[in-house]
Amino acid sequence: MSIQVNLNTIKHPVSNQPEKSPFNAGETLQEKTSPMTVLLLGSGGRECALAWKIAQSPALKHLYIAPGNGGTGAYGENVQLSPLDFEAIEKFVADKGVDMIVVGNEDPLVAGIYDYFQGREGAPLIVGPSKAGAALEGSKDFAKQFMMRHNIPTARYRSFTAETVAEGEKFLEELKAPYVLKADGLAAGKGVLIINDLDEAKASLREMLSGMFGQSSATVVIEEFLKGIECSVFVLTDGNGGYRILPVAKDYKRIGEGDTGPNTGGMGAVSPVAFADETFMKKVEERIILPTVNGLKAEGIVYRGFIFLGLIEVDGEPMVIEYNVRMGDPETEVVMLRIASDLLPLLRGAAEGNLGDMPLAIDPRYATTVMVVSGGYPGSYPKGKVITGTDDVKDVTLFHAGTKLLPDGTLVTSGGRVIACSAYGKDIDEALARSFRGATDVTYEGKYFRRDIGADLKAILSNKK
Ligand code: AMP
Ligand code: GLY
């Protein structure tokens, strides 16, 4: 299969380039491909997909995954380290000669892993923002203020605390239903309430402010409801104005088919996204990516890592629903398939603050993923169910999320989201057929998956025909 190379040659304004580049084009790639030891933090499907991609790099000496899962061991060495135990990580880095840490999930970033290592002897490179940058995800109020300062399109909003709850109720009265209430801080993906009834919204505002999500909802952002279709745009930035836009993906958040029922960590994903065409992406780059990357730099916020833009298309116009400071899960399980270039030199370039003109080639094929989950998820669910069928799948890459390999080699479930079944296809139908086939072949008691992943995008594509 020939791979069409899209060099993603976005011309940046001269002022966005690092003042003095230590590399010329030839040197950049060479310098950045000397072998390195990498420590990847996290244990989900996202980290399994990152490990799969990093492990393919000729520039990799050794990959550790902390703590990893039942699938990541195929691509590197799992180590029992908590991503939040910075002292233990520091010791491990020194013992093993780790050159670079890739931070998969947001918690260590929001807790300041980048800042922890600054100025320390033998500090590794870190792919991920400073604590100040991680506030784009760690505080929705900060993110909204940042967007206001840089004129980035987002829903109209105001923030409230226990002292200003009466004003909050008044603000709700000014808005139209449905009402969107967001806990300011991290709330394990549960901190957003969308409520149809005004009185109920007021009651929820009071409950949130009196500790529904602990300290995370001591401040609540209330914002206008936006109606449209969502997509996830990922940017890898070096903090010096250099960036690459990774393949766009769409995820499916609700547990039930037709986007019904409670929110989950994500039930599937598709890339590319039919409506995120060139015209849309040009707007995204000009109105959102450039002001974000340049705004961070102008404010002196160190940010060398992934920016995840949760976008919504409202009448053809992109608006920001949220920032995350990491890759998406399960979007990574399709985005990694579509990156044709060696990812490791790009990660290194970002962490060193100099992406230079390193190419990012995109695979033109479709990639899809279907997540198989435990029965009962996102509510309570059993663990330890024996998983079979993983050796029998065809044309599918299984990215483990909630799995564990027992000492006797038995693979068992250990989480709500169990395995992401990712596949390529010449078109969306072929990729989805393979992902669904994989989701059918993987077997354990209580397995569930959504059979309508990608159905909305297929409908858009057939309307375009
Ligand atoms: P967040 O945690 O900010 O991603 O919010 C979770 C989900 O709530 C988003 O993916 C959207 O589906 C929805 N959401 C958040 N903010 C809005 C909004 N202003 N209008 C409509 N839907 C929203
Ligand atoms: N799939 C959405 C997220 O990772 O937050």
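Whatever order the structure lists them in is the order used to number ligands and atoms, beginning at 1.
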Does one side chain, of Thr154 or Lys144, offer a donor that lies under 3.5 Å from an acceptor on the other?
yes
Tell me whether the NZ or CZ atom of Arg451 lies within the 45° cone about the ring axis of Phe449 and under 6.0 Å from its centre.
yes
Tyr252 ring centre to Lys250 NZ or CZ under 6.0 Å, with the angle to the axis within 45°?
yes
When you measure from [atom] to every protein heavy atom, which one gives the shortest distance, and what is it?
atom: atom 20 (N) of ligand 1; result: Leu226 N, 2.8 Å
atom: atom 2 (C) of ligand 2; result: Asp251 OD2, 3.4 Å
atom: atom 14 (N) of ligand 1; result: Ile194 CD1, 3.8 Å
atom: atom 1 (P) of ligand 1; result: Glu322 OE1, 3.4 Å
atom: atom 5 (O) of ligand 2; result: Arg326 NH2, 2.9 Å
atom: atom 19 (N) of ligand 1; result: Glu223 OE2, 2.7 Å
atom: atom 17 (C) of ligand 1; result: Ile321 CD1, 3.5 Å

Below a 4.0 angstrom heavy-atom separation, can you tell me which part of [X], side chain or backbone, both or neither, approaches ligand 1?
X: Glu230; result: side chain
X: Ile312; result: neither
X: Val180; result: side chain

Relative to the heavy atoms of Lys253, which atoms of ligand 1 are at a distance of less than 4.0 Å?
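That gives atoms 10 (O) of ligand 1.
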Using a strict 4.0 Å cut-off to heavy atoms of Lys182, name the atoms of ligand 1 that fall inside it.
3 (O), 15 (C), 16 (N)
Any N/O pair Asn263/ligand 1 closer than 3.5 Å
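No, there is no polar N/O contact under 3.5 Å.
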Any nitrogen or oxygen of Val192, main chain or side chain, under 3.5 Å from a nitrogen or oxygen of ligand 1?
no
Hey, does Lys253 come in under 3.5 Å of ligand 2, counting only N/O atoms on both sides?
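Among all N and O atoms of Lys253, none is under 3.5 Å from an N or O of ligand 2.
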So for ligand 2, is Glu331 a polar contact partner (N or O within less than 3.5 Å, distance only)?
yes
Counting N and O atoms only, with roles assigned by atom type, does the side chain of [X] sit under 3.5 Å from a partner on the main chain of [Y], one being a donor and the other an acceptor?
X: Ser341; Y: Ala361; result: yes
X: Thr237; Y: Val293; result: no
X: Glu430; Y: Lys426; result: yes

Ring centres under 6.0 Å, that's the criterion: do Phe86 and Phe117 meet it?
no
Counting only heavy atoms not in Lys170 (residues, nucleotides, ligands), do more than 12 fall under 6.0 Å from its NZ?
no
Yes or no: does Asn324 have any heavy atom under 4.0 Å from an atom of ligand 1?
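Asn324 does not count as a contact of ligand 1 under the 4.0 Å cut-off.
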In this structure, does ligand 1 have an atom that sits under 4.0 Å from one of the heavy atoms of Lys140?
yes
Test applied, side-chain contact (heavy atoms from CB on, under 4.5 Å); reference residue, Val233; option that passes from Ile289, Ile307, Val320, Leu246:
Ile289
Provide the number and element of each atom of ligand 2 under 4.0 Å from a heavy atom of Gly328.
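The atoms of ligand 2 under 4.0 Å from a heavy atom of Gly328 are 4 (O).
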Using a 4.0 Å heavy-atom threshold (strictly under), name the region of Arg46 that reaches ligand 2: side chain, backbone, both or neither.
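Neither part.
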Under 4.0 Å between a Lys/Arg side-chain N and an Asp/Glu carboxylate O for [X] and [Y]?
X: Arg158; Y: Glu167; answer: yes
X: Glu224; Y: Lys176; answer: no
X: Arg326; Y: Glu106; answer: yes

How about Asn69 and Ser414: do any of their side-chain heavy atoms sit closer than 4.5 Å?
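Not touching, per the 4.5 Å side-chain cut-off.
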Any protein heavy-atom neighbour for atom 11 (C) of ligand 1 (distance below 4.0 angstrom)?
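Within 4.0 Å of atom 11 (C) of ligand 1, protein heavy atoms are found.
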If you measure from each heavy atom of Gly266 to ligand 2, is any distance below 4.0 Å?
no
